[in-house]
Amino acid sequence: MLRMSTLFLRTLREDPADAVVPSDRLLTRAGLVRRVAPGIFSWLPLGYLVYRNVERIVRAEMDAAGFQEVHFPGLLPREPYERTHRWTEYGDNLFRLKDRKGNDMLLGPTHEEMFTLMVKGEFSSYKDLPLHIYQIQIKYRDEARPRAGILRGREFVMKDSYSFDIDDAGLQRSYDQHRDAYIKTFDRCGLDYVIVSAMSGAMGGSASEEFLAMSEFGEDTFVQCTSCGYAANVEAVTTPVPVALPFDGVPAAHVEETPDTPTIESLVDLSNARFPRGDRAWTAADTLKNIVFRVTDPDGTQWALAVGLPGDREVDMKRLEAVLHPSVPEPFDESDFAARPTLAKGYIGPGALGEAKPAKVRYLLDPRVVEGTRWITGSDISGRHVYDLVAGRDFAADGTIEAAEIRDGDACQCGGTLTQARGIEIGHIFQLGRKYAQALDLTVLDEHGKSQVVTMGSYGIGVSRLVAAIAEQHHDDKGLTWPREIAPADVHLVATGKDEAPWVKAEELAAALEAAGLRVLFDDRRQASPGVKFNDAELIGVPTVVVVGKNLANGIVEVRDRVSGERADVPVDDALQHIIDACRA
RNA sequence: CGGGGCGUAGCGUAGUGGCUAGCGCGCGUGCUUUGGGAGCACGAGAUCGUGGGUUCGAAUCCCGCCGCCCCGACCA
């Protein structure tokens, strides 16, 4: 039994000045966590109870799926990460340190290497597969900017698991098993979440999905189709390709004088003033904007890329980076332009773009720029634009690219419309494939005695982040409203009143509830006023609150439901059973 | 790393050149109080982030440094 009179807890009446998101504010005010350094937190007794409840659910579902728990060190040697190139690829996000001999060490940001090497050390036959192992471990990532409290720390707890299979079909089965286990886990946590397609990105491999808890404070933007159920991270959204248009009646392309129109807006204004369209006004969507980037490959090679897209859209850097990964795009700077005199800044057009052209700029188009679409675009001469330039007739590109910003109302592949929302990434599952097994030489013998590289899946849950994600979704203006399985207790029992009787009865009831197997948080503080106790109970968010006070004189105790706010006056003699029923409902 | 803001008691804050740094919460002692953050009295708690400078006098003005928060870039 937890007694408030002795609990190591101090709730705060005021919001901490630095806390911005609801979960951070409430977890701090309710005395569950305290910030120690940016992105680094301590768990106090009540918070640690909540944390362990979440961890227990995650572990239980992993175990139920038949996965086996292991535990790696958080402090790791450099060498395995050197072999997979992550010692360098992880960059500044890796916490690095040296031991007394001067050897490089790191605090593990994730443990693919360790899992792979462990399996390599023990298993060597296809008969040993499939294998699923997991750990719940503190991870360290030196984020450039930790924020939002527990939601995004530099030290956090993650459950990471890995599957090992001999072939692709096995990997798919393993992936599906994990997906099911994750659904059960997040359902038990009482979360409202979506499963979205994600970019497999750096890790390689094919299938990849993210579990996003709905929250306006989430850092991931995703889209959902209002009609077909499709959901995807913005980075992974694909744009439907419009049907090609006939262009028989379109006049031949012609260059016009358009002085001082380096921006789309100025170009549209000038076009309407000097070259009116007749049937309607020109808009930004009639222009073809070409944005150039310098792209750096992992091996250091640099090349130029132009993205052509309708003038009413911006390039979404996140989407561009996601498609190009692991290469890194940066906007052209003055020296890049200087090196390519055929590119007229502000007036760049398809005429100068393409790998075959002198500037050697790889030219990729937004899928919306299909054959037959007609555009106003740069003529590659400062102060002039081309009109009626028709895609497929007057120009072609090296390919297409998904890099344009996504907007609410954009079309889905199914013909429906997409809407955007934000979410907190609570889980990520993906088919790693053979990248790590290859790099670390994890092979097993198949049934023909031939050596085969193992194929892996990688699956993560942000355990500590889950606590914050649940808090984001389960609170009201008074405080936290934990789902029962997550809550630090089943019953928050408040004793109050000037007579001795309620205190005696409350003690008795607390003991009886505990004997019945319920977890009891007993507010037995003598000095605190009723108002303080009620407010603390609401802040802390235990689902069932019981008040033994002045109504005991009438044989009544009060049972409150924290979430619904319902209050029931219950005869003392029925109280025990009533509370047990309420907690087991 | 770019842009913005802020460092005053455990927490929230006032104080823009004048000597004793103020208030609320919390904390301690005593009395009163116990159904919605109680009252009274007394009390403890701050080298005003840090180093230097200006000045008769600096929390306050100037310069450097450190730290923190927010937006962006980046990320479970």
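The figures that follow rest on heavy atoms only: side chains count, while hydrogens, waters and symmetry mates do not. Quick note on labels: first sequence line is chain A, next is B, and so on, each numbered from 1. None of the values given here were measured: they were computed from a predicted structure.
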What is the distance from [atom1] of [X] to [atom2] of [N], rounded to the nearest Å?
X        : N      : atom1 : atom2 : result
A:Leu320 : B:rA73 : CG    : C1'   : 14 Å
A:Arg25  : B:rC11 : CZ    : P     : 19 Å
A:Tyr90  : B:rC75 : OH    : C1'   : 9 Å
A:Leu151 : B:rC70 : CG    : P     : 12 Å
A:Leu552 : B:rG35 : CG    : P     : 13 Å
A:Arg35  : B:rG12 : CZ    : C1'   : 16 Å
A:Asp15  : B:rG37 : CG    : C1'   : 14 Å
A:Glu330 : B:rC1  : CD    : C1'   : 12 Å

For [N] and [M], measure between their [atom1] atoms and round to the nearest Å.
N      : M      : atom1 : value
B:rU34 : B:rU16 : P     : 44 Å
B:rA14 : B:rC23 : C1'   : 7 Å
B:rG57 : B:rG43 : P     : 34 Å
B:rA9  : B:rC1  : C1'   : 35 Å
B:rG45 : B:rU29 : P     : 16 Å
B:rG4  : B:rG51 : P     : 27 Å
B:rA41 : B:rU60 : C1'   : 35 Å
B:rA46 : B:rC31 : P     : 28 Å

Next item on the list: Using only side-chain N and O atoms of A:Arg154, determine if any of them is under 4.0 Å from OP1 or OP2 of B:rA76.
Entry: no

[options]: which one has an atom nearest the side-chain heavy atoms of [X]?
X        : options                : result
A:Asp18  : B:rC69, B:rG35, B:rA76 : B:rC69
A:Arg152 : B:rG37, B:rG12, B:rA76 : B:rA76
A:Ser529 : B:rA76, B:rG36, B:rG37 : B:rG37
A:Thr496 : B:rU34, B:rC69, B:rC71 : B:rU34
A:Glu143 : B:rC25, B:rA76, B:rG35 : B:rA76

Item checked: Nearest-nucleotide comparison on RNA chain B, the residue closer to the 5′ end among A:Ser464 and A:Gly497 -> A:Gly497

Notebook entry, point to check: Toward the 5' end of RNA chain B, which comes first, A:Lys533 or A:Glu14, by nearest nucleotide?
Noted result: A:Glu14

Check: Looking only at atom types and distance, does a side-chain atom of A:Glu210 sit under 3.5 Å from a main-chain N or O of A:Val196, one as donor and one as acceptor?
Finding: no

Margin query: Looking at A:Asn53 and A:Ala487, would you say the former's side chain and the latter's main chain have a donor-acceptor pair under 3.5 Å?
Written below: yes

Just call it for [X]: base, sugar-phosphate, or nothing, with non-hydrogen atoms closer than 4.0 Å on any strand.
X        : answer
A:Lys498 : sugar-phosphate
A:Lys318 : base
A:Leu539 : nothing
A:Gln527 : nothing
A:Val547 : base
A:Arg10  : sugar-phosphate
A:Gly460 : nothing
A:Ala144 : base
A:Pro38  : sugar-phosphate
A:Glu155 : nothing

Next item on the list: Could you walk me through whether A:Arg560 and A:Glu558 pass the salt bridge (Lys or Arg N to Asp or Glu O under 4.0 Å) test, one step at a time?
Entry: CA-CA 6 Å; A:Arg560 303 178 180 178; A:Glu558 186 178 320; 2.6 Å; yes

Notebook entry, point to check: Testing A:Ser163, A:Ser161, A:Ser174 for side-chain hydrogen bond (donor to acceptor under 3.5 Å, both in side chains) with A:Tyr459, which one passes?
Noted result: A:Ser163

Does [X] make a side-chain donor-acceptor contact with the base of [N], cut-off 3.5 Å?
X        : N      : value
A:Arg525 : B:rG37 : no
A:Asp536 : B:rG37 : yes
A:Arg145 : B:rG3  : no
A:Arg29  : B:rG37 : yes

What about the rings of [X] and [Y], do their centers lie closer together than 6.0 Å?
X        : Y        : value
A:Phe67  : A:His178 : yes
A:Tyr134 : A:Tyr162 : no
A:Phe72  : A:Phe115 : yes

Under 6.0 Å from the ring centre and within 45 degrees of the ring axis: does the NZ or CZ of [X] meet both conditions for the six-membered ring of [Y]?
X        : Y        : value
A:Arg96  : A:Trp87  : yes
A:Arg294 : A:Trp303 : no
A:Arg147 : A:Phe217 : no

Next item on the list: May I ask you to decide whether A:Arg526 forms a salt bridge with A:Glu500, counting only side-chain N to carboxylate O separations under 4.0 Å?
Entry: yes

Notebook entry, point to check: Does the ring of A:Phe534 meet both stacking tests against the six-membered base ring of B:rG35: centre distance under 5.5 Å and plane angle under 30°?
Noted result: no

Checklist line | Stem regions touching RNA chain B, defined by at least 3 consecutive Watson-Crick or wobble G-U pairs below 3.5 angstrom | finding: B:1-7 with B:66-72, B:10-13 with B:22-25, B:27-32 with B:38-43, B:49-53 with B:61-65

